[in-house]
Amino acid sequence: MRVLNLTIPGNPPSVNHMYRNFTEGGRRMRVIKHEGKMWMKATQQLATVAMKQQSWTPTVEEKLVAEIRVFWPDRRKRDVHNIDKILWDALEGFVFDNDRWVLPRYMDFDYDKKNPRVEIKFYPLAEEGQSA
């Protein structure tokens, strides 16, 4: 089974911290902030290294399961699904061609003050249930 394991240190900033609303000519848009660009670039670099080490080629128009485990730095209340937008935007064009093909499955969340992170296991849906 083709699998890509990716660990992203820290936690993705929230959508509110990553994007700002912008209006031009009466049209409302969401523009990524500098902090967001830097986080996305770092995440893309991590993904590129992991893909090379694990012989992963980007999927194209293929349903891709993403099993996600989030380790928060503290016990403040957070929703795991709030990291979707920035996470998939960062990995689009690297791990997969378009985030419409990603099927996120939040498996668990926990707390790890010393090592907050997001762990993702990607594999094609067509290969689900096959042994590794």
Side-chain angles (χ1 to χ4, degrees):
M1 177 163 100
R2 295 181 303 150
V3 174
L4 174 64
N5 291 297
L6 179 61
T7 299
I8 302 168
N11 291 125
S14 71
V15 171
N16 290 336
H17 287 97
M18 297 295 288
Y19 299 95
R20 66 179 173 86
N21 292 326
F22 179 73
T23 305
E24 184 176 292
R27 183 175 170 192
R28 297 184 77 203
M29 296 177 269
R30 196 179 270 185
V31 179
I32 192 162
K33 296 178 184 178
H34 178 73
E35 174 189 355
K37 288 179 184 177
M38 299 306 293
W39 184 88
M40 288 177 77
K41 184 175 181 178
T43 299
Q44 291 163 350
Q45 290 172 339
L46 285 169
T48 300
V49 169
M51 290 169 62
K52 187 173 184 175
Q53 291 173 342
Q54 298 172 51
S55 301
W56 179 268
T57 54
T59 58
V60 177
E61 294 187 7
E62 182 176 17
K63 291 179 182 173
L64 191 62
V65 175
E67 292 183 357
I68 307 140
R69 288 174 175 76
V70 181
F71 295 85
W72 303 115
D74 54 46
R75 294 192 176 273
R76 202 173 82 213
K77 289 184 180 180
R78 296 176 175 90
D79 295 329
V80 292
H81 59 81
N82 285 341
I83 66 174
D84 279 354
K85 172 101 177 103
I86 191 63
L87 193 57
W88 307 142
D89 283 355
L91 297 175
E92 186 174 77
F94 290 84
V95 175
F96 43 83
D97 66 324
N98 190 301
D99 63 6
R100 74 181 290 254
W101 298 99
V102 177
L103 304 168
R105 293 181 180 169
Y106 285 92
M107 307 304 287
D108 198 5
F109 71 90
D110 208 337
Y111 309 97
D112 190 338
K113 185 176 184 174
K114 294 181 181 178
N115 185 23
R117 64 197 180 278
V118 177
E119 297 177 353
I120 310 169
K121 177 182 178 181
F122 291 102
Y123 56 90
L125 179 64
E127 297 179 19
E128 187 175 52
Q130 296 179 12
S131 48

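Predicted model only: the values in this text are computed from it and were never measured.
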Student: Could you measure the distance from the OG1 atom of Thr43 to the CG atom of Asp89? Nearest 0.5 Å is fine.
Tutor: 11.5 Å

Student: Minimum heavy-atom separation for Glu92 to Asn98, with atom names?
Tutor: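 Here Glu92 and Asn98 meet closest at OE2-CA, 3.3 Å.
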
Student: Taking Trp56 for the side chain and Val95 for the main chain, is one N or O donor matched with an acceptor at less than 3.5 Å?
Tutor: yes

Student: Locate the shortest heavy-atom distance separating Val3 from Gln54; write the atom from each residue and the value.
Tutor: O-OE1, 3.8 Å

Student: Are any side-chain N or O atoms of Gln44 and backbone N or O atoms of Ala90, one a donor and one an acceptor, separated by less than 3.5 Å?
Tutor: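 Between the backbone of Ala90 and the side chain of Gln44 there is a qualifying donor-acceptor contact (under 3.5 Å).
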
Student: Does either side chain, that of Tyr106 or that of Asp79, offer a donor lying less than 3.5 Å from an acceptor on the other one?
Tutor: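 Tyr106 vs Asp79: no donor-acceptor pair found between side chains.
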
Student: Hey, is OH on Tyr111 packed in by over 12 heavy atoms from elsewhere, all under 6.0 Å?
Tutor: yes

Student: Classify the ring geometry of Phe122 against Trp88: parallel below 30°, tilted from 30° to 60°, perpendicular beyond 60°.
Tutor: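 Judged by the thresholds at 30° and 60°, the geometry between Phe122 and Trp88 is perpendicular.
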
Student: Minimum heavy-atom separation for Met51 to Phe94, with atom names?
Tutor: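 It is CE-O, 3.0 Å.
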
Student: Do side-chain atoms of Asp99 reach the backbone of Val102 as a donor and acceptor pair under 3.5 angstrom?
Tutor: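 It does not hold such a pair.
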
Student: Which heavy atom of Pro12 sits nearest a heavy atom of Ile86, and at what distance?
Tutor: CB-CG2, 3.8 Å

Student: Quick check: is Tyr19 connected to Val31 through a chain of hydrophobic side chains (ILVMFWY, heavy atoms under 4.5 Å apart)?
Tutor: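 Val31 does not cluster with Tyr19.
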
Student: Looking only at heavy atoms, what is the nearest atom pair of Leu6 and Ala47, with distance?
Tutor: CD1-CA, 3.8 Å

Student: Nearest 0.5 Å, please: how far is CZ in Arg105 from NZ in Lys121?
Tutor: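 The distance works out to 10.5 Å.
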
Student: Find the distance between CD1 (Ile120) and CG (Leu4) and round it off to the nearest 0.5 Å.
Tutor: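 If I round to the nearest 0.5 Å, the distance is 8.5 Å.
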
Student: For Arg69, does its backbone N or O pair with a side-chain atom of Asp108 as donor and acceptor, under 3.5 Å?
Tutor: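 Side chain of Asp108 to backbone of Arg69: no pair is present.
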
Student: Taking all atoms of both residues into account, what is the closest heavy-atom pair of Arg117 and Asn11, and its distance?
Tutor: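 Heavy-atom minimum between the residues: O-ND2, 3.6 Å.
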
Student: Would you give the length of the straight line joining atom CD of Glu62 to atom CZ of Phe96, rounded to the nearest 0.5 angstrom?
Tutor: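 Between atom CD of Glu62 and atom CZ of Phe96 there are 12.5 Å.
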
Student: Taking everything shown except Lys41 itself, do over 12 heavy atoms lie less than 6.0 Å from its NZ?
Tutor: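 Incorrect, the count does not exceed 12.
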
Student: Look up atom CG in Leu64 and atom CG in Leu91, then write down how far apart they are to the nearest 0.5 Å.
Tutor: 10.0 Å

Student: Rounded to the nearest 0.5 Å, what's the gap from CE on Met18 to NZ on Lys33? Could you check?
Tutor: 9.5 Å

